[in-house]
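Accompanying notes for the structure given below.
Since the structure is predicted, the reported quantities are computational estimates derived from the model, not experimental observations. We name chains A, B, ... by the order of the sequence lines, and we start the count at 1 in each one.
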2 protein chains.
Amino acid sequence: MENKVENNSCPFTTTIALIGGRWKSIILFLLSDHTRCFGEIAARMPSISRKVLSEQLKELEADGLIHREKFKEIPPRVEYSLTDLGQSLRPILKDLAIWGQKMVLDTVK
Amino acid sequence: MENKVENNSCPFTTTIALIGGRWKSIILFLLSDHTRCFGEIAARMPSISRKVLSEQLKELEADGLIHREKFKEIPPRVEYSLTDLGQSLRPILKDLAIWGQKMVLDTVK
DNA sequence: TCCATTAGTCACATTTAGGTTACCACTATT
DNA sequence: AATAGTGGTAACCTAAATGTGACTAATGGA
C-alpha cells in the first residue's frame with residue numbers, strides 16, 4: 001500500500017501497481033467467492049510456480065487486498081481470502097474477465 | 001492480437017496482455033475522448049520516454065485497440081484514436097480510474 | 001545558411017518480473 | 001526409520017520491460 005500508492009497520483013498507475021502483472025487478477029478472482037488455502041490456489045493455477053505464487057500473495061496482503069490466516073495445525077494450513085478492499089474489486093475483475101472472454105471468442109471465430 | 005490471445009484461454013491473461021503494463025491503460029484513457037497526436041500524448045505523460053511511448057502505441061495498434069493515421073505534411077503529423085474495440089474498453093478504464101482514485105484519496109487521509 | 005519542428009529510430013544499459021531447482025520444519029503414519 | 005503432506009524459503013538465472021542519449025528526414029522561416 002504505502003510506497004506503491006503514495007509516490008504518484010495517477011489512478012491508473014495506482015491500480016495497475018496493485019492488480020497488474022500476469023497473476024494478481026487471477027488470484028483475486030479465485031478468491032472472490034471462496035476462501036482458499038495455498039495448495040488449492042496452486043492447483044487451480046498450474047502454470048505459476050510456488051515461489052511466485054507465494055510472492056504475489058505476500059504483495060497482495062501487504063497491499064491490503066487479501067487476508068492471510070495461518071492455523072496452528074499439522075500439517076500447516078493457511079487460508080487466503082479477500083479483504084473488504086479486495087471485495088471492492090470484484091465488479092472490475094468480472095468486467096475484465098468478460099471483456100477478455102469476448103476477445104477469445106471473437107478471435108477463435 | 002494474434003499471438004497474445006490465441007495461445008491461452010484465460011480471460012484475465014488475455015485482457016492483461018492487451019491493457020496491462022505501466023502505460024497502456026493511461027494511453028487508452030487519454031485517447032478515450034480525443035484523437036491526439038504523438039506529441040500531445042507525450043506531453044500529457046511526462047514520465048514515459050518517447051521510445052517506449054512509440055513501442056506501446058505500435059503494440060496497441062497491432063492489437064487492434066487504436067488507430068494510427070499519418071498525414072503527409074511537413075512537419076509530419078500522426079493522429080491516434082481508439083478503434084471500436086478500444087472504445088469497448090472505456091467503461092472498464094473508467095472503473096479502474098475511479099477505483100485507483102479512491103485508493104489515492106484513502107491513502108492520503 | 002542555419003535553426004526549429006514532428007515523429008520517430010538506433011544502440012546500448014539497467015531494472016524488474018518471473019522461472020527453476022533444491023531444500024526446510026513439523027508431525028502422523030507405516 | 002522412512003515417507004507423506006503442507007506451506008513455504010534460498011540461491012540462482014533468464015527474459016522482458018523500460019530508460020538514456022544521440023540521431024534522422026523533410027521543409028518553412030529568420
#### Entry: DNA chain D contacts made by residues 27-40 of chain B, counting heavy atoms under 4.0 Å
none
### Query
Does A:Ile16 have any side-chain contact (heavy atoms from CB on, under 4.5 Å) partners at least two apart in sequence or in another chain, and if so, which?
B:Ser25
Within this structure, what is the [atom1]-to-[atom2] distance between [X] and [N], rounded to whole angstrom?
X       : N      : atom1 : atom2 : value
B:Lys72 : D:dT27 : NZ    : P     : 10 Å
A:Tyr80 : D:dG7  : OH    : C1'   : 8 Å
A:Met45 : C:dG18 : CE    : P     : 11 Å
B:Glu73 : C:dT5  : CD    : C1'   : 13 Å
B:Leu57 : C:dG8  : CG    : C1'   : 11 Å
B:Leu53 : C:dT6  : CG    : P     : 15 Å
A:Ile16 : D:dT18 : CD1   : C1'   : 16 Å

### Task
Establish, with yes or no, whether the OP1 or OP2 oxygen of D:dA26 is under 4.0 angstrom from a side-chain nitrogen or oxygen of B:Arg77.
no
### Query
Are A:Ser54 and D:dT9 close enough that a side-chain N or O sits under 4.0 Å from OP1 or OP2?
yes
### Query
For A:Asp33, does the CG atom have more than 12 heavy-atom neighbours from other residues, nucleotides or ligands under 6.0 Å away?
yes
### Message
How about CZ on B:Phe29, more than 12 heavy atoms from neighbouring residues, nucleotides or ligands closer than 6.0 Å, or not?
### Response
no
Would you tabulate the pairs of protein nitrogen or oxygen atoms and nucleotide nitrogen or oxygen atoms of nucleotides 1-3 of chain C closer than 3.5 angstrom?
none

### Pair listing, side-chain hydrogen bond (donor to acceptor under 3.5 Å, both in side chains) test, anchored in residues 35-56 of chain A, at least two apart
A:Lys51-A:Glu55
Any protein N or O atoms within reach of nucleotides 19-23 of chain C? Criterion: under 3.5 Å, listing atom names and distances.
residue : atom : partner : partner atom : Å
C:dG19  : OP2  : A:Trp23 : NE1          : 3.2
C:dG19  : N7   : A:Lys51 : NZ           : 3.0
C:dG19  : O6   : A:Lys51 : NZ           : 2.2

Looking at [atom1] of [X] and [atom2] of [Y], how far apart are the two atoms once the value is rounded to the nearest 0.5 Å?
X        : Y       : atom1 : atom2 : value
A:Leu96  : B:Leu18 : CG    : CG    : 11.5 Å
A:Ile27  : A:Ile41 : CD1   : CD1   : 7.0 Å
B:Met103 : A:Thr15 : CE    : OG1   : 8.0 Å
B:Gln87  : B:Leu65 : CD    : CG    : 11.0 Å
B:Tyr80  : B:Leu53 : OH    : CG    : 7.5 Å
B:Thr83  : B:Glu61 : OG1   : CD    : 10.0 Å

### Query
Out of C:dG8, C:dG18, D:dG8, which has the shortest distance to the side chain of A:Gln56?
C:dG18
### Task
Kindly point out which of D:dA26, C:dT27, C:dT6 is positioned nearest to the side chain of B:Ile74?
D:dA26
With sugar-phosphate meaning primed atoms plus P, OP1 and OP2, does [X] contact a base, only sugar-phosphate, or nothing at under 4.0 Å between heavy atoms?
X       : result
A:Glu79 : nothing
A:Phe71 : nothing
A:Lys58 : sugar-phosphate

### Message
With heavy-atom distances below 4.5 Å as the criterion, would you say the side chains of A:Cys10 and B:Ile26 are in contact?
### Response
yes
### Query
What's the verdict on side-chain contact (heavy atoms from CB on, under 4.5 Å) for B:Leu30 and B:His34, showing C-alpha distance, side-chain angles and the deciding distance?
CA-CA 7 Å; B:Leu30 283 179; B:His34 300 280; over 6 Å; no
### Message
Set out, in order, the CA-CA distance, both residues' side-chain angles and the distance that settles side-chain contact (heavy atoms from CB on, under 4.5 Å) for B:Leu85 and B:Asp63, then state yes or no.
### Response
CA-CA 9 Å; B:Leu85 184 60; B:Asp63 290 335; over 6 Å; no
### Intermediate values then yes/no, side-chain contact (heavy atoms from CB on, under 4.5 Å), A:Lys24 and A:Leu60
CA-CA 8 Å; A:Lys24 284 186 178 169; A:Leu60 289 168; 3.8 Å; yes
Show the distances under 3.5 angstrom between N or O atoms of the protein and N or O atoms of nucleotides 22-24 of chain D.
none

